[in-house]
Undergrad: 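Structure incoming, see below.
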2 protein chains.
Amino acid sequence: MPFANTEIPGRFQALLAERGVRMTGQRRAILNVVETAKKHLDAGQILRRARKHDPSIDRSTVYRTLGLLKRHGLIDELDLMHLEGEAHYYERKLNRDHIHLACLRCGRITEFVSDLFESLKGQIEKECGYRIAVARLEIGGYCPKCRT
Amino acid sequence: MPFANTEIPGRFQALLAERGVRMTGQRRAILNVVETAKKHLDAGQILRRARKHDPSIDRSTVYRTLGLLKRHGLIDELDLMHLEGEAHYYERKLNRDHIHLACLRCGRITEFVSDLFESLKGQIEKECGYRIAVARLEIGGYCPKCRT
DNA sequence: TATTCTGTTGCAACTCGATTGCAACAACCT
DNA sequence: AGGTTGTTGCAATCGAGTTGCAACAGAATA
């Protein structure tokens with residue numbers, strides 16, 4: 001997950017406070033994990049990391065907190081081509097949509113930003129008449145090292 | 001699901017026979033459901049429809065047959081933005097990739113084919129060095145009737 | 001047509017990610 | 001500090017999908 005450096009530490013906490021969301025130790029631990037993640041994590045991985053700070057945290061709290069972050073538009077939920085199992089992956093939402101490429105052989109994830117993608121979304125809004133809320137382009141394929 | 005008219009009845013059965021895949025009554029029933037579907041169906045809906053022809057068909061047979069069709073590249077598996085639950089949806093694979101738009105209010109699904117999408121895939125292959133196997137663009141938004 | 005081989009099926013048990021009801025608890029406001 | 005209300009841990013539960021296995025049925029062979 002690139003762009004980790006664009007992240008202001010404690011940004012999630014500040015944004016949630018602004019909106020009058022109650023802050024707890026468990027939430028702080030989970031937000032911290034998601035904010036500082038350098039790769040896409042699933043709920044189980046987030047739970048394990050959060051428990052290093054607070055071992056009493058429960059699975060359900062992780063799911064509820066991820067739901068909270070989703071509802072507030074702070075994170076995106078990804079499938080990443082269901083590379084392993086059916087779990088969802090989470091990442092901080094950024095100003096710009098990006099494409100996810102998943103290598104079907106080695107599992108490597110690459111992100112890609114493209115003006116063409118923005119134009120395509122524009123074309124779709126115009127021609128289909130939809131107002132786009134989320135656009136998720138996920139590609140499965142073979143990365144430079146793995147393609148034969 | 002448009003393009004239903006581009007479908008030759010019994011095409012799946014012919015293609016599987018060509019490849020030496022054993023044909024059974026249960027498979028025929030399931031293939032028939034998938035081939036004649038006018039909208040995207042999930043595994044449960046496919047099971048219910050197939051059971052109208054052969055009430056003894058089991059869930060596991062549906063999943064195994066869908067897996068067979070996936071492995072042979074005859075169908076695509078879609079998430080459709082997880083509109084209801086986490087089930088997957090299936091559709092016949094066509095020559096041309098298309099984009100799925102899901103209305104987050106009324107659940108309507110619209111399909112869209114775009115040259116720009118093809119160009120975008122070309123750009124991605126060139127700039128990321130990936131060989132693309134599957135490209136899935138799913139959009140959640142509000143359709144002309146539902147956007148306020 | 002009968003025989004055999006091998007892939008397929010139904011069944012039941014199970015996996016795994018995710019959700020929920022509820023009593024205990026802890027933020028936050030005053 | 002006290003009271004209100006949102007949050008938590010726990011355990012039970014859900015629902016999609018998978019698996020092991022014995023019985024079975026295509027399809028090739030004799």
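Here is the naming used below: chain letters follow the sequence lines, and residue numbers restart at 1 for every chain.
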Undergrad: Going from CZ on A/Arg92 to CD on A/Glu35, what distance comes out if it is rounded to the nearest 0.5 angstrom?
TA: 7.5 Å
Undergrad: Suppose we screen for ring pair (Phe, Tyr, Trp, His ring centres under 6.0 Å). Which residues come up paired with B/His88, at least two apart in sequence or across chains?
TA: A/His82
Undergrad: Starting at atom OH of B/Tyr63, determine the distance to atom P of C/dC14, rounded to an integer number of angstrom.
TA: 19 Å
Undergrad: Between which nucleotides of DNA chain D, read 5' to 3', does contact with chain B run, using atoms under 4.0 Å from its heavy atoms?
TA: D/dA16 to D/dA27
Undergrad: Round to the nearest Å and state the distance from B/Leu31 atom CG to C/dT8 atom P.
TA: 12 Å
Undergrad: Side chains of A/Arg28 and A/Thr24: do they bring a donor and an acceptor to under 3.5 Å?
TA: no
Undergrad: Contact class for A/Arg27 vs. all strands (heavy atom < 4.0 Å): base, sugar-phosphate, or nothing?
TA: sugar-phosphate
Undergrad: Charged N to carboxylate O under 4.0 angstrom, B/Arg136 versus B/Asp79?
TA: yes
Undergrad: Base, sugar-phosphate or nothing for A/Thr24? Non-hydrogen atoms, less than 4.0 Å.
TA: sugar-phosphate
Undergrad: Does this structure show an ion pair linking A/Arg96 with A/Asp115, if we count only N-O contacts that are shorter than 4.0 Å?
TA: yes
Undergrad: Judged by modelled atom types alone, do B/Thr65 and B/Gln26 share a side-chain donor-acceptor pair under 3.5 Å?
TA: no
Undergrad: Would you kindly say whether A/Glu91 and A/His40 are connected by a side-chain donor-acceptor distance under 3.5 Å?
TA: yes
Undergrad: List in chain and number order the residues that pass side chain to side chain contact (heavy atoms under 4.5 Å, CB included) with A/Ala135, two or more places apart in sequence or in another chain; answer none if no residue qualifies.
TA: A/Asp97, A/Phe117, A/Lys121, A/Ile132, B/Ile139
Undergrad: On DNA chain D, compare the nucleotides closest to B/Arg64 and B/Glu86; which residue's is nearer the 5' end?
TA: B/Glu86
Undergrad: Under the salt bridge (Lys or Arg N to Asp or Glu O under 4.0 Å) test, which residues partner A/Arg19, sequence neighbours left out?
TA: none
Undergrad: Between B/Arg59 and B/Val21, just flag the one whose closest nucleotide in DNA chain C comes earlier from the 5' side.
TA: B/Val21
Undergrad: With a 3.5 Å cut-off and no angle check, do the side chains of A/Tyr130 and B/Thr110 form a donor-acceptor pair?
TA: yes
Undergrad: Kindly state which residues belonging to residues 42-57 of chain B come within less than 4.0 angstrom of DNA chain D, counting heavy atoms of the residue only, listed by number.
TA: B/Ala43
Undergrad: Might you list the N or O atoms of the protein lying below 3.5 Å from N or O atoms in nucleotides 2-6 of chain C, with each pair's distance?
TA:
| unit_1 | atom_1 | unit_2 | atom_2 | d |
| --- | --- | --- | --- | --- |
| C/dT6 | O2 | B/Arg22 | NH1 | 3.3 |

Undergrad: Taking the side chain from A/Glu138 and the backbone from A/Met81, do they hold a donor-acceptor pair closer than 3.5 Å?
TA: yes
